[in-house]
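As the structure is a computational prediction, the values presented were derived from the model and not from experiment.
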Amino acid sequence: MNLHVLAAIFAAVFMGTIGAISIYADVSAETVTFYRLFIGAVLMGGFLFATGQKAKIVVWPGIKVLVTGAFLAGFVVFYIVAMNYTSMANAVMLLYLAPVTASVIAHFFMGERLSGSSAALIGAALFGFAMMMEFNFNLSGRGEEVVGLFYALCAMLCYAAFIVTNRLVHERVHVLTRSGFQMLVGALCMLPFMLQKSDSIAGVQWGWLVTAGIIPGFLAIMLAVVALKALPAATYGTLAYLEPITVVALGWVLFGQSLTALQLSGCALIIVSGAFQAVLSQRASRWSARLAADAG
């Protein structure tokens with residue numbers, strides 16, 4: 001399988017672990033998010049210095065990388081705020097329109113033309129996600145719902161912008177450089193929110209915060225950036241729906257949250273869509289390599 005496809009798959013799975021880790025950490029979402037990004041940035045910096053790649057971190061990454069880091073923090077903050085006004089189901093349903101939005105933007109403005117097959121697979125994955133949520137998009141009629149949906153929309157736009165902007169970063173900026181700086185900028189954006197919470201953190205909680213920094217932080221974000229460097233937005237967007245599957249699966253295994261037949265069917269639909277999208281991506285890569293070889 002294409003290594004960039006594998007990176008996207010593992011990025012989605014690792015990102016999906018943050019919910020379970022947050023439950024075990026038992027601190028505010030702002031605190032978990034700050035340490036997830038800050039520890040991830042520190043690990044990236046330490047790795048580059050330890051392996052003699054200091055030049056990759058002591059460098060100006062460019063404004064696009066810094067802006068993308070702000071988008072990374074933005075979608076988390078807006079998502080958290082949205083859930084204060086509306087249900088998690090409503091917020092999540094809007095948030096996961098981001099891969100579709102990114103694919104449409106890439107189609108019209110970045111020359112990444114969506115084939116009929118890719119569009120159909122994105123639609124199938126989105127429908128599978130709606131099945132997982134049991135089509136639960138409930139508006140109670142309260143004025144707060146409008147505010148919550150507005151913040152959820154902002155979260156979705158930030159997530160889509162994170163996907164798209166990573167596709168626009170210049171090739172000269174190494175993937176390790178861009179992911180490290182994105183995590184650092186995201187952590188700095190989260191710092192005031194984390195300080196406002198003033199959480200008291202005990203010994204075992206530090207262990208879970210470090211885990212958040214390693215798995216859904218350092219590994220997940222680095223792999224996502226690696227994948228976005230090479231994969232079209234449509235391919236990455238479809239594979240990104242493996243993240244909510246991971247969330248649901250961990251809830252089932254760790255916390256006994258049972259799944260209905262509809263939710264299981266939605267998971268299966270997303271997995272099948274992702275598998276077909278991966279196959280299409282591999283074929284496209286081989287075709288491009290063949291054309292380049294013929295031209296040479």
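Minimum interatomic distance between G186 and L37 (heavy atoms only, all atoms of both residues): C-CD1, 3.5 Å. Pairing each heavy atom of A25 with each of V32, the nearest pair is CB-CG2, 4.3 Å. What you find for L239 and A8 is that their closest heavy atoms are CD1-CB, 3.7 Å. The two residues A11 and A224 have their closest heavy-atom pair at CB-N, 3.5 Å.
The shortest side-chain heavy-atom distance between F49 and V58 falls under the 4.5 Å cut-off. Looking at heavy atoms from C-beta onward, M183 lies out of side-chain contact with F38 at the 4.5 angstrom threshold. Under the 4.5 Å side-chain criterion, counting only non-hydrogen atoms from C-beta, I21 is in contact with P216. For the pair L191/F34, a side-chain contact is recorded, criterion being any heavy-atom separation below 4.5 Å from C-beta on. In this structure, Y236 and P99 have side chains that are not in contact, with every pair of non-hydrogen atoms separated by 4.5 Å or more. Annotation: side chain of F71 is in contact with side chain of V67 (closest heavy-atom distance under 4.5 Å). Side-chain contact between F162 and L228 is present, with heavy atoms from C-beta onward closer than 4.5 Å. Put simply, the side chain of L48 does not reach to within 4.5 Å of the side chain of K54, judged on heavy atoms.
Ring geometry, F10 versus F14: the interplanar angle falls from 30° to 60°, so the pair is classed tilted. Ring orientation note: the planes of Y35 and W206 are nearly perpendicular, at an angle over 60° on the 30°/60° scale.
Listed by first then second residue, pairs satisfying side chain to side chain donor-acceptor pair (under 3.5 Å) with a partner in residues 210-229 read E171-K229, not counting sequence neighbours. Sorted by first and then second residue, the side chain to side chain donor-acceptor pair (under 3.5 Å) pairs with a member in residues 41-50 form an empty list; sequence neighbours excluded. Listed by first and then second residue, the ring-ring contact (aromatic ring centres under 6.0 Å, His included) pairs that reach into residues 163-202 come to none, sequence neighbours excluded.
Note that the SG atom of C189 and the CG atom of L66 stand 9.5 Å from one another [nearest 0.5 Å].
One hydrophobic cluster, built from ILVMFWY side chains closer than 4.5 Å, cannot hold both L188 and V225; they sit in different ones.
T31 and D199 are linked by a side-chain donor-acceptor pair at a separation below 3.5 angstrom, with hydrogens and angles left out of the test.
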